[in-house]
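Atoms within each ligand, like the ligands themselves, are counted from 1 in listed order. Values reported hereafter were calculated over all heavy atoms of this structure, with side chains retained and with hydrogens, waters and symmetry mates removed.
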Amino acid sequence: MKNLVVLTGAGMSAESGLKTFRDMGGLWEEYDVTEVASPVAWDNNRALVLRFYNERRKQLYEVEPNNGHLGLAMLEKYFKVQIITQNVDDLHERAGSTNILHLHGELKKVRSTFDPLLVYELDGWELKEGDNCEKGSQLRPHIVWFGEAVPAIEEAVPIVQNADLFVIVGTSLNVYPAAGLVDYLSGEVPVYLIDPNPVNASLPNLKLIQEGAGKGVEVLAQLLLENDNKK
Ligand code: APR
C-alpha cells in the first residue's frame, strides 16, 4: 500500500463547529494569542489561560467528526494513511483514523508543570488551579504554546520524507515548524491541497481542491481511487 500522509489544520474541524484561528471571526480575532497561549500568559494570568482551554475542551465534548474526518479514516482501506495534525481536538481519533501524530498537543490531556513526561487524560472538561500531578505540582494544558518547542516535529519529518502522496487540509500554513514540513517532500510526490480559500503554497505537483473539508475529501478520494494510486 502507498503511504498517504495528510497534514491537517483548524479548517479540518471547521465543519464540526470548531472555530479556526485566522479566518474572519476566528479565535485569534476574539483573543490575543499572547494572553492565552503562551508561557508568559500562564505565569501572568493563569485563570484566563485555564478558562480559554476549558471552554475549548467543553465545546469539544459537544461536537462530532465531520465527513472530512470520516473520509480520511475510510481511506485506510486503500492506503497506509498517516495523519499529522496541528489540531488539538480528537476528531480524527473519533472518526476512526488509527495513525495520528499531534504536533501541537491534545486538548483532552494535561501535564505536570514539574515533569513534562507526566501526562494524563483529564477527567471531564475542567482543569482548575490546584489540580496537581502525582508529585504535587500544578497541571497545565498539554498544548504547545507560542514560543515553545514542538518535539513531535522530529517524528513528523521522516513520515513526510517517506510520503508517496501528500494531502494538506485546512491549514493557512502560517505557523512553523509545521508549515515547513512540506519542504521535506521529494519533488515527485503529488500534493493535494483542500481549502475553500486561497492558501499561499507553491509546491511542484500541487493540485488544488477548493472545497471545504467534507466535500474536499470526497473529491480527493475519487481522484486517488480513480487514478488507481492504491498499489
Ligand atoms: N474546510 C477546510 N478548510 C477550511 C474550512 C473548511 N470548512 N474553513 C476554513 N478553512 C481553512 C482556512 O481557509 C485556512 O486556510 O482553514 C485554514 C485555517 O487556518 P488557521 O486558522 O491559520 O489554522 P491553522 O493553520 O491550523 O493554524 C496553525 O496556529 O494558533 C495556532 O496552534 C494553533 O495549530 C494552530 C496553528
Contacts satisfying salt bridge (charged side-chain N to carboxylate O under 4.0 Å, His left out) that involve residues 95-122 (not counting sequence neighbours) are Asp90-Lys108, Glu106-Lys109
Exercise for the section: Carefully, step by step, assess Glu93 and His102 under the rule side chain to side chain donor-acceptor pair (under 3.5 Å). Expected result: CA-CA 11 Å; Glu93 283 88 345; His102 283 273; 2.7 Å; yes
For residues 45-55, the side-chain hydrogen bond (donor to acceptor under 3.5 Å, both in side chains) pairs (sequence neighbours left out) are Tyr31-Glu55, Tyr53-Trp145, Asn54-Arg57
### Side-chain H-bond candidate by donor/acceptor type, Thr171 with Gln86, under 3.5 Å
yes
| Phe21 and Trp28 aromatic ring geometry - parallel, tilted or perpendicular at 30°/60° bounds | tilted
Contact set, ligand 1, heavy-atom distance under 4.0 Å, ordered by chain/number, equals Gly9, Ala10, Gly11, Ala14, Glu15, Thr20, Phe21, Arg22, Asp23, Trp28, Gln86, His104, Phe146, Gly170, Thr171, Ser172, Val175, Asp195, Pro196, Asn197, Val199, Gly212, Ala213
Under a side-chain separation threshold of 4.5 Å, the hydrophobic residues clustered together with Tyr61 are Trp125
